[in-house]
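First the proteins, then the strands, lettered A, B, ... as listed; each starts at 1. All figures in this text were calculated on a predicted structure; none of them were measured in a lab.
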2 protein chains.
Amino acid sequence: MASRSDTKTRILDAAEKLFAERGFSETSLRLITSKAEVNLASVNYHFGSKKELIRAVLARYLDVFMPAASTAIKRLHTAPTQASLEEILSALVDPLLDLNELRTEGTTIFLQLLGRGYIESQGHLRWFITTHYGQHLDTFVKAVSASAPHIPPAEMFWRLHFTLGTIVFTMASADALNDIAAAEFGEHNDIEAVIRKVIPYMAAGVSVPVAS
Amino acid sequence: MASRSDTKTRILDAAEKLFAERGFSETSLRLITSKAEVNLASVNYHFGSKKELIRAVLARYLDVFMPAASTAIKRLHTAPTQASLEEILSALVDPLLDLNELRTEGTTIFLQLLGRGYIESQGHLRWFITTHYGQHLDTFVKAVSASAPHIPPAEMFWRLHFTLGTIVFTMASADALNDIAAAEFGEHNDIEAVIRKVIPYMAAGVSVPVAS
DNA sequence: ATTAATTTAAAACACTCGTTTAAATTAAAC
DNA sequence: GTTTAATTTAAACGAGTGTTTTAAATTAAT
């Protein structure tokens, strides 16, 4: 059989789908390689270990999304008035949806991977993200904090993680929820519609005054 | 050694702690039985399989929490004025905290189990809960809808699932988030503090006016 | 006290897992 | 075209998994 120089890509493509659907530890290397139609050992040859494959899958998205999100938020800074919280969150929508042009279902897969990473791995993925993309996260947190100056930093920390949970869980079950919504209320939303629904919800929660 | 009729309880007690901390699939039966100081085979003798053990662990909490939550919400109905959304959500706090008297760290363990169950199992636990505790869920949804009559049913459907995502994700990673919060802001929150933090967030999101 | 039903115990079973090895193949370099 | 390096392949390794089996011990009933 002819050699394929795209073995790495085939592995990454198969792995990200399975990881997003089933989680990291529930996805075996044998399932990945059979779906990718490559040899089992090629994972360890190209990536070294399963853990490093997981990081590579995430990095392929983060390397695109994080800079795009950063510049989108910095663009808001050039406006004469302070951007509202909803404007800041909305600025992330385009970078998020652009992932769909990177790969099919890219937006959904990315958000699901993010959620899995936060819950499954015992901190090593969180460490990976904060050390590799810390400055991008900083600009986001600073922008959000500036738009809601009445929220103390510690409170904002919690609310931003509430927000992460909202978006991640919603995306993980978006397909199932869409089916129910279509059957029960006769409305069908695509990913973008769901994202635009969730933004007001998150913006209201993040900026609600702290109880004394 | 003398026979112990509390072998089932010893298994359940050890299992729920480990399941909450590490997740279901990351917790082996050997780890559970060694921590419970019982024989490995006794799990399959008393519960049949690991999957049934997981359900038994969850049912032990749900059987207590669900009726208590239902009656707490129905009690609000007796008041002369319509309960606010925050009042409805707050009514769940006491049934939740009462689980701490059932077992040590009961509240934390229950919520983490719920989160793990929703994320790890692909819908199996969702089915288990809705079929076994559906009427309790109904009273909750009806009470919330009545408290926010300006939200159309279809929009409320989405927002309640946003809310589910918020609480589930937060509880699944509560320990990790608490560690970060302690390191970064020097504040350490118990589970009640986190619950009281998340309620205003969710209440604001659910009741925010729908964009025209 | 004897029998019967539970409960515990130790070991093995039949997998699956990530990883490694060593040979075969392909691509690149000279 | 030969040599060298990079890549792919098949097979096995060792450790870990849930589950089952078989026998012993304990408890309950007769």
With sequence neighbours excluded, what pairs up with A:F24 under the ring-ring contact (aromatic ring centres under 6.0 Å, His included) test?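 By the ring-ring contact (aromatic ring centres under 6.0 Å, His included) rule, A:F24 matches A:F19.
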Got a sec, which residues hit ring-ring contact (aromatic ring centres under 6.0 Å, His included) with B:Y45, two or more places apart in sequence or on another chain?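 If we apply the ring-ring contact (aromatic ring centres under 6.0 Å, His included) test to B:Y45, skipping adjacent residues, there are no hits.
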Taking the side chain as C-beta and beyond, is there a heavy-atom pair between [X] and [Y] under 4.5 Å?
{"X": "A:F140", "Y": "A:I88", "answer": "yes"}
{"X": "A:F157", "Y": "B:L177", "answer": "yes"}
{"X": "A:V38", "Y": "A:V43", "answer": "no"}
{"X": "A:L62", "Y": "A:H132", "answer": "no"}
{"X": "A:T108", "Y": "A:L99", "answer": "no"}

Among all residues two or more places apart in sequence or in another chain, which pass the side chain to side chain donor-acceptor pair (under 3.5 Å) test with [X]?
{"X": "B:D190", "result": "none"}
{"X": "A:S70", "result": "A:T139"}
{"X": "B:S28", "result": "none"}
{"X": "B:N189", "result": "B:E187"}

For the pair made of [atom1] in [X] and [atom2] in [N], what is the distance, rounded to whole Å?
{"X": "B:L18", "N": "D:dG18", "atom1": "CG", "atom2": "P", "value": "12 Å"}
{"X": "B:E37", "N": "C:dA9", "atom1": "CD", "atom2": "C1'", "value": "15 Å"}
{"X": "B:F47", "N": "C:dT8", "atom1": "CZ", "atom2": "P", "value": "11 Å"}
{"X": "B:F19", "N": "D:dG18", "atom1": "CZ", "atom2": "C1'", "value": "12 Å"}
{"X": "A:H46", "N": "C:dT20", "atom1": "NE2", "atom2": "P", "value": "16 Å"}
{"X": "A:K8", "N": "D:dT8", "atom1": "NZ", "atom2": "C1'", "value": "15 Å"}

Quick check on DNA chain C: between A:L31 and A:A41, whose nearest nucleotide comes earlier from the 5' end? A:L31
Please list all pairs passing the side chain to side chain donor-acceptor pair (under 3.5 Å) test where one or both residues lie in residues 58-69 of chain B, with sequence neighbours left out.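 As it turns out, the side chain to side chain donor-acceptor pair (under 3.5 Å) pairs with a partner in residues 58-69 of chain B, which skip direct neighbours, are B:D13-B:R60, B:E16-B:R60, B:E16-B:Y61, B:Y61-B:R103, B:D63-B:Y133.
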Atom NZ of B:K50 with >12 non-hydrogen neighbours under 6.0 angstrom: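 Count over threshold, so yes.
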Side-chain donor-acceptor distances from residues 191-205 of chain B under 3.5 Å, at least two apart:
unit_1	atom_1	unit_2	atom_2	d
B:E192	OE2	B:R196	NE	3.2
B:E192	OE2	B:R196	NH2	3.2
B:K197	NZ	A:E155	OE1	3.0
B:Y201	OH	A:T163	N	3.3
B:Y201	OH	A:T163	OG1	2.8

For A:L40 and B:T27, take the nucleotide of DNA chain D holding the closest heavy atom to each; which residue's nucleotide lies nearer the 5' end? A:L40
Minimum-distance nucleotide to B:N39 side chain [options: D:dG18, C:dT8, C:dT19]: C:dT8
Counting side-chain heavy atoms from CB outward, which of C:dT20, D:dT19, D:dT8 is closest to A:N44? C:dT20
Provide a list of protein-nucleic acid N or O atom pairs under 3.5 angstrom, restricted to nucleotides 14-16 of chain C.
none

Specify the residues of residues 50-60 of chain A, ordered by number, for which at least one heavy atom lies under 4.0 angstrom from an atom of DNA chain D. none
Counting just side-chain N and O atoms, does B:T7 come under 4.0 Å of either OP1 or OP2 of C:dT7?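 Answer no for this pair, as no side-chain N or O of B:T7 is under 4.0 Å from OP1 or OP2.
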Heavy atoms only, 4.0 Å cut-off, all strands: where does A:T33 land among base, sugar-phosphate and nothing?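 Counting heavy atoms under 4.0 Å across all strands, no contact is made by A:T33.
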Between N or O atoms, less than 3.5 Å apart, protein on one side and nucleotides 22-24 of chain D on the other: list the pairs.
none

Expected rows: protein N/O vs nucleotides 4-6 of chain C N/O, under 3.5 Å:
none

